[in-house]
2 protein chains.
Amino acid sequence: MALLRVTAACGARGASIDDYLDATELSRPTIYRLLKGLREEGFLRPSPVRHRYLLGYELLVLGAEAGNGASLRDLSRPRLLKLAQSLGDSFYLFAHDGRHAVCLEVQNGAYPVGSFVASIGGRVLLGAGQASIALLASLEPDERDWILAANRDELADRYDIAIDAVEAEIERCREHGYARGVEGSSLPEFTGLALPLLDHSRRCLGAMSCSMLKSRMTPTHREAVLTAMSEQIDELVSQAHGLLRTEP
Amino acid sequence: MALLRVTAACGARGASIDDYLDATELSRPTIYRLLKGLREEGFLRPSPVRHRYLLGYELLVLGAEAGNGASLRDLSRPRLLKLAQSLGDSFYLFAHDGRHAVCLEVQNGAYPVGSFVASIGGRVLLGAGQASIALLASLEPDERDWILAANRDELADRYDIAIDAVEAEIERCREHGYARGVEGSSLPEFTGLALPLLDHSRRCLGAMSCSMLKSRMTPTHREAVLTAMSEQIDELVSQAHGLLRTEP
DNA sequence: GAGTTCGTCTCACATAACGAGACTTAGAGG
DNA sequence: CCTCTAAGTCTCGTTATGTGAGACGAACTC
């Protein structure tokens, strides 16, 4: 697994033996042995640049499956796209994973944005960003509490976000039904909105969020975004519900 | 790796201990030991259904990276989308991997289609499908020859495709600059087109393909699709070229 | 044809994975 | 409330199997 991560970190150029030797404590023969195994399983493949290795296509299959619990990703993809095209902002699908929110899918719109996550698979500490608030607001109280307790220091250090502010936003989200981001020191010029994806039994499947320049967030635009998002979410959830029925 | 594949095969419901016990030769304690390691590395995560395991979100990152050699996937995604929306057919990005073509990205259009690959990560034997032809036509002759030799029996058995027909189509692709599918026994009601993605130095980066109902393939539609695809490809290749320059 | 790097091989050693089975939780169901 | 079953952990003795040092062959560079 360490070798896979090293390979990923080396990007499109591929990883060389020296990259592996530097990044791990393993000896050269051992690395070759492991590499061979990973290649045979399709987890690595030779780079067009000789003597370098790239991540194998078998990981594509696993990656696609990993992000597609309950087909949420496949279902949300065209919807995020539609939102991004019609409204111009960037839209995201997030899932809850321990102390973090994981980005399962992005569609960037015409207007540029900054965001806490760079791309699919990116993680944000729960508490930072509007999607976090939507997720936290939909969790069981005791789970939410331990997460906030666990993240408190890091939120303060890295984002300059206070737990009180997060809890206030969670409360606000409960009342108004949608989440805004908590003001922190990072990304001051951007803002966003998020909505939870709730099961018919009110279990939280994830959150859909959007990010935009603060200057674009007029009351009318906010209304437009919220309306469009909840429309997409309603359709998505009933679609997902229909699919789940066929499964067991 | 076997455990990961078992987990993937179990889908959204998750894999239970018995799934692992049945699918492998390992003992119960060993499975738990391995599962623990995979969980700690983020390659597996607990399912909402107790006592079941799902693929972890760390695989998202690896999967996204694996399919994104030279950023081809990120760059092609919006373009495939545009094509699917404006033309209504389904568009694919393929890469060459050994004896197979791997699907890196799909965008389905409004019209339904059947295809050899189910989804991202799906493999087709080189020789079957129009993307295969485009890839084969762009490979070195000696590599193409061993691939065709290796695939001959399987192509005949599973798809009822003869090597001669494949080679004729490759020749045709060289002349006309685009690939059609080879007629076989499977999917008789569908057809498609494909174009290779060629580097500025004529190295083959992959192939873009499209699939449609035979009834939609009128001469004018064919021209429209080919024109739109090559336009997207030209832009894509020069974009990719620009990115690569920044890398070393 | 000399030099360098890449990948494999051998081998002795000790780590550390293994399975059998006992044990502890934790639910489920009556 | 109490049994019953299944989930997950632990101990332990055995053995295999992965390990590093270093030598070796192969391939590419200059």
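Below, all heavy atoms of this structure are taken into account, side chains as well, without hydrogens, waters or symmetry copies. Residue numbering restarts at 1 for every chain, and letters A, B, ... go by the order of the sequence lines.
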- [ ] Take atom CG of L34(A) and atom C1' of dT17(D), then tell me their distance rounded to the nearest Å.
- [x] 13 Å
- [ ] Calculate the interatomic distance between K36(A) atom NZ and dT19(D) atom P; express it in whole Å.
- [x] 14 Å
- [ ] Over 60° means perpendicular and under 30° means parallel, so classify the ring planes of F116(B) and Y159(B), tilted if in between.
- [x] perpendicular
- [ ] Specify the residues of residues 17-30 of chain A, ordered by number, for which at least one heavy atom lies under 4.0 angstrom from an atom of DNA chain C.
- [x] I17(A), R28(A), P29(A)
- [ ] Please state how far atom CG in L35(A) lies from atom P in dC6(C), giving the value in whole angstrom units.
- [x] 13 Å
Task: Pair Y20(B), T7(B): side-chain N/O donor-acceptor within cut-off below 3.5 Å - done: yes
Open item on the list: Which heavy atom of C173(B) sits nearest to which heavy atom of I133(B), and what is that distance?
Closed with: CB-CG2, 4.1 Å
TODO: Let me see the working for M1(B) and V6(B) under side-chain contact (heavy atoms from CB on, under 4.5 Å), right down to the final yes or no.
DONE: CA-CA 9 Å; M1(B) 298 188 264; V6(B) 172; over 6 Å; no
Open item on the list: Would R123(A) pass as a cation-pi partner of Y57(B), given that its NZ or CZ must be under 6.0 Å from the six-membered ring centre and within 45 degrees of the axis?
Closed with: no
Task: Beyond-backbone contact of R152(A) with I163(A), side-chain heavy atoms, under 4.5 angstrom - done: yes
TODO: In whole angstrom, give the distance that lies between atom CZ of R52(B) and atom P of dG8(D).
DONE: 11 Å
TODO: Could you state the atom-to-atom distance from OH of Y32(B) to C1' of dC18(C) in whole Å?
DONE: 17 Å
Task: Letter per nucleotide, 5' to 3', of nucleotides 25-30 of chain D [B base touched, S only sugar-phosphate touched, - untouched; heavy atoms, 4.0 Å] - done: ---S--
Open item on the list: One thing to verify: whether E167(B) and R174(B) come together as a salt bridge, which I'm taking to mean a side-chain N less than 4.0 angstrom from a carboxylate O.
Closed with: no
Task: Atom pair distance, as rounded to whole Å: CZ in R33(B) and C1' in dA17(C) - done: 7 Å
Open item on the list: Can you confirm whether R79(B) sits close enough to Q239(B) that some side-chain heavy atom of one is under 4.5 Å from a side-chain heavy atom of the other?
Closed with: yes
